[in-house]
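Note that the structure is predicted; figures quoted are calculated from it, not measured.
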Amino acid sequence: MLNFPRWKVIMIVLVCLFGIITALPNFLPEKTRENLPGFLPNQTLSLGLDLRGGVNLLFAAATEDVVNARLNNIADQIRDISRDEGRRRDIPREQRATFTNIRVEGETVTATLRNPELTERGRELLLPLSQSTVGGVNPVLGGGVQEVTLDRDEAIFTLALTEQGIEIQKRDAISRAMEVIRKRVDPDGTKEITLQPQGGDRIILEVPGASDPDAIIDIVGKTAKLSFHDVVTGLSASDIANGRLRPRQKALPMRDGGQIVINERVIVSGDDLTDAKPSYDQGGQPVVSFAFNLSGAKRFGSHTANNVGRPFAIVLDDVVISAPNINGPILGGAGIIQGVGDLAEVNELATLLKAGALPVDLTVLTRRTIGPGVGADNIESGSMAAMIGFVAVILYMILSYGRFGLAANVALITNLVLITGVLSLFQATLTLPGIAGVVLTIGMAVDANVLIFERIREEQRAGAKPFQAMERGYGQAFSTIMDANITTFIAAATLYFLGSGPVQGFAVTLGIGILTSMFTAVVLTRYILSSWLKRARPATLPI
């Protein structure tokens with residue numbers, strides 16, 4: 001265990017050089033960093049909101065839109081059920097349970113059964129829309145679906161979302177909105193933004209190091225809701241101008257001017273996108289190319305196959321980007337969006353579509369820019385705590401273990417250099433909890449050396465020679481050190497995947513510190529001490 005072949009020595013040197021090279025830019029002036037050769041890293045530590053200031057935003061989410069969208073979706077499903085039932089050829093027309101007068105009223109959807117004698121068949125058709133069945137005089141189907149029979153011999157079914165269902169819809173919308181915001185503001189996951197809900201309809205966003213809240217609001221506030229709709233043809237300009245439209249028809253502005261009427265029913269939505277990226281069409285113009293998932297591709301292919309020669313509308317945030325004619329079935333589940341604008345606009349739209357559409361509209365309630373002054377105080381107090389702990393540990397190791405303590409201190413300094421280098425290379429954000437993770441890592445790194453040195457002492461007291469004491473000390477302490485570090489690393493990984501914001505910052509620095517401390521405590525100190533032992537060959541170990 002004390003023999004180091006050449007390849008191991010080279011590996012140790014390369015790892016130490018890696019730490020020095022990646023950590024060095026943090027101690028160089030900005031102009032010097034800019035002039036470094038291209039093959040050298042020039043990234044520095046990214047400081048969090050609590051250390052260098054940033055932007056704090058509070059958004060209000062229009063969660064009532066989610067409820068309306070859910071009710072309209074239920075109404076569309078009833079129309080589908082009625083249309084499929086009406087097209088059946090295996091039963092006589094008078095036995096087909098079809099619905100009419102399907103509309104959304106408040107927080108309910110009502111549908112009138114054309115033949116009141118088919119009430120049981122109507123209930124059977126609508127039952128799949130529910131999740132459970134609750135008994136009552138008028139049967140209440142899961143999700144709050146009621147059947148009511150009026151005096152004029154009409155069978156009307158009323159579908160009402162329960163209060164619990166409404167709350168679930170709103171909470172899910174807030175959760176999805178937060179995930180979309182995270183992907184838009186921090187697509188690489190390295191800025192360590194803080195996102196958290198407040199109450200039932202508000203979201204707090206903190207972006208470390210940012211100084212322009214308007215730029216963040218601009219990218220967050222864009223709904224980027226993409227959908228494909230059937231175009232209503234045969235309407236005159238006066239019909240459109242006077243609003244003479246059928247239910248579930250809507251006039252929308254076109255990007256290049258004018259208006260077009262669409263069916264509000266969505267053929268395929270942006271939720272079915274699996275990819276969106278900038279590209280170029282055959283004429284060399286920038287476009288957004290996209291791809292659907294299997295479900296979206298199937299619906300899109302079916303619609304284009306059944307509507308050859310008719311136009312369809314590509315709608316982005318209630319504006320029709322284009323309305324091309326369907327020249328043939330589009331079965332590949334992929335396509336392009338033209339007429340977006342220049343390359344910068346195409347890149348922005350591709351990023352927004354890939355991140356996903358916001359399920360709700362957001363309104364900025366408060367915006368706050370935190371200056372670096374507060375962060376400077378945190379840096380000073382955190383650095384002071386780290387420095388005091390670092391100096392105390394160094395003194396303790398020297399006083400307790402002499403020459404062996406010096407070797408441990410060299411490894412400790414190397415450990416800090418490696419942590420700084422890794423954090424800088426990956427542009428991970430360092431927060432005040434992250435500094436706490438570094439301080440904790442210092443203690444853990446020394447703890448491994450303490451275990452080894454105490455085992456060496458015990459072996460030497462038992463009469464072992466210096467080489468034997470060193471060999472057995474490292475060998476017997478290794479399994480204990482591994483167990484301790486593995487369990488701590490599992491805890492750090494759990495904090496990272498289940499936590500958010502500052503908790504993740506603490507977990508990142510702790511996890512990196514565990515890996516680097518294993519190298520410095522078990523490998524580097526052993527190399528330093530074994531090299532000394534082979535040269536000095538002392539009669540007893542000075543420990």
### Distance-minimising heavy-atom pair for Val55 and Asp212
CG2-N, 4.3 Å
### Task
Could you grab the distance from atom CZ of Arg79 to atom OG1 of Thr98, nearest 0.5 Å is fine?
14.0 Å
### Query
Between CG of Leu510 and CG of Leu515, what distance do you get to the nearest 0.5 Å?
9.5 Å
#### Entry: Closest contact, heavy atoms only, Leu205 versus Val220
CD2-CG2, 4.2 Å
#### Entry: Asp230 and His303, any side-chain heavy atoms less than 4.5 Å apart
yes
### Query
Are Lys298 and Asp272 close enough for a salt bridge, meaning some N to O gap below 4.0 Å?
no
### Query
Can you check whether Ala344's main-chain N or O pairs, donor with acceptor, with Asp342's side chain at less than 3.5 Å?
yes
### Task
Check the pair Asn263, Val232 against side-chain contact (heavy atoms from CB on, under 4.5 Å), reporting the backbone distance first and the verdict last.
CA-CA 7 Å; Asn263 282 316; Val232 179; 3.6 Å; yes
### Message
Using modelled atom types and a 3.5 Å cut-off, is there a donor and acceptor pairing between side-chain atoms of Gln249 and backbone atoms of Arg246?
### Response
yes
### Query
How are the rings of Phe300 and Phe312 set relative to one another: parallel (under 30°), tilted (30 to 60°) or perpendicular (over 60°)?
perpendicular
### Stepwise side-chain contact (heavy atoms from CB on, under 4.5 Å) test for Arg299 and Val266
CA-CA 10 Å; Arg299 292 199 304 274; Val266 177; over 6 Å; no
### Message
Treating Arg83 as the side-chain partner and Ile81 as the backbone partner, does any N or O pair qualify as donor plus acceptor under 3.5 Å?
### Response
no
### Task
For the pair Lys170 and Asp201, find out whether any cationic side-chain nitrogen is under 4.0 Å from an anionic carboxylate oxygen.
no
### Query
Going from OG1 on Thr441 to CD1 on Ile512, what distance comes out if it is rounded to the nearest 0.5 angstrom?
9.0 Å
### Task
With side-chain contact (heavy atoms from CB on, under 4.5 Å) as the test, would you mind laying out the steps for Val364 and Phe59 before giving the verdict?
CA-CA 5 Å; Val364 180; Phe59 294 97; 3.5 Å; yes
### Task
Look only at the side chain of Gln259 and the backbone of Ala251, and say whether a donor-acceptor pair between them is shorter than 3.5 Å.
no
### Task
Give the minimum heavy-atom separation between Ala323 and Ile260, together with the two atoms involved.
CB-CD1, 3.7 Å
### Summary
Output for pair (Gln198 CD, Leu58 CG), nearest 0.5 Å, gives 5.5 Å
### Message
I need the single residue from Val320, Val319, Ile336, Leu226 that forms a side chain to side chain contact (heavy atoms under 4.5 Å, CB included) with Ile314. Which is it?
### Response
Leu226
### Glu124 and Arg121 ion-paired at < 4.0 Å
yes
### Query
For the atom pair CG (Asn101) and OG1 (Thr112), what is the distance rounded to the nearest 0.5 Å?
4.5 Å
#### Entry: Crowding at CZ, Arg368 (>12 non-hydrogen neighbours, <6.0 Å)
no
### Message
I want to check something: taking the side chain as every heavy atom from C-beta on, are Leu273 and Phe292 in contact at a cut-off of under 4.5 Å?
### Response
yes
#### Entry: Non-hydrogen side-chain atoms of Val287 and Gln282 separated by less than 4.5 Å
no
### Query
Which heavy atom of Ser227 sits nearest a heavy atom of His229, and at what distance?
OG-NE2, 2.7 Å
### Query
Ion pair present between Glu264 and Arg248, side-chain N to carboxylate O less than 4.0 angstrom?
yes
### Query
For the side chain of Ser175 and the backbone of Arg171, is there at least one donor-acceptor N/O pair under 3.5 Å apart?
no
### Summary
To the nearest 0.5 Å, atom CD1 of Ile514 lies from atom OG1 of Thr509 at 9.5 Å
### Query
Under a 4.5 Å cut-off applied to non-hydrogen side-chain atoms, are Val508 and Leu423 in contact?
yes
### Minimum side-chain heavy-atom gap Ile102-Phe157 below 4.5 Å
no
### Message
Using side-chain heavy atoms (C-beta onward) and a distance below 4.5 Å, is Val438 in contact with Thr420?
### Response
no
### Task
Indicate yes or no: at least one non-hydrogen side-chain atom of Arg310 is less than 4.5 angstrom from one of Thr233.
yes
### Summary
Looking only at heavy atoms, the pair that brings Pro213 and Leu57 closest together is CB-CD2, 4.2 Å
### Message
Pair Arg96, Arg89 - check side-chain contact (heavy atoms from CB on, under 4.5 Å), show working.
### Response
CA-CA 10 Å; Arg96 301 172 192 169; Arg89 296 292 181 266; 3.6 Å; yes
### Check: Arg202 side chain, Ala60 main-chain N or O, donor-acceptor pair, under 3.5 Å
no
### Task
Check whether any side-chain N or O of Ser289 sits under 3.5 Å from a backbone N or O of Ser279 as a donor-acceptor pair, and report yes or no.
no
### Task
Using the salt bridge (charged side-chain N to carboxylate O under 4.0 Å, His left out) rule, take Arg176 and Glu179 through it: C-alpha gap first, then chi angles, then the decisive distance, then the call.
CA-CA 5 Å; Arg176 286 186 288 124; Glu179 186 60 30; over 6 Å; no
### Message
Tell me whether Asn115 contacts the main-chain N or O of Glu117 through its side chain, where contact means a donor paired with an acceptor under 3.5 Å.
### Response
yes
### Query
So, for Leu113 and Gly122, which heavy atoms are closest and what is the spacing to 0.1 Å?
CD1-CA, 4.4 Å
### Message
Treating Asp218 as the side-chain partner and Asp214 as the backbone partner, does any N or O pair qualify as donor plus acceptor under 3.5 Å?
### Response
no
### Message
Less than 4.0 angstrom from a charged side-chain N to a carboxylate O is my criterion; do Asp84 and Arg88 meet it?
### Response
no
#### Entry: Contact check, side chains of Ile203 and Pro197, non-hydrogen atoms, under 4.5 Å
no
## Note on the structure
Exactly one candidate in Ile78, Asn72, Asp76 meets side chain to side chain contact (heavy atoms under 4.5 Å, CB included) with Val109; the answer is Ile78
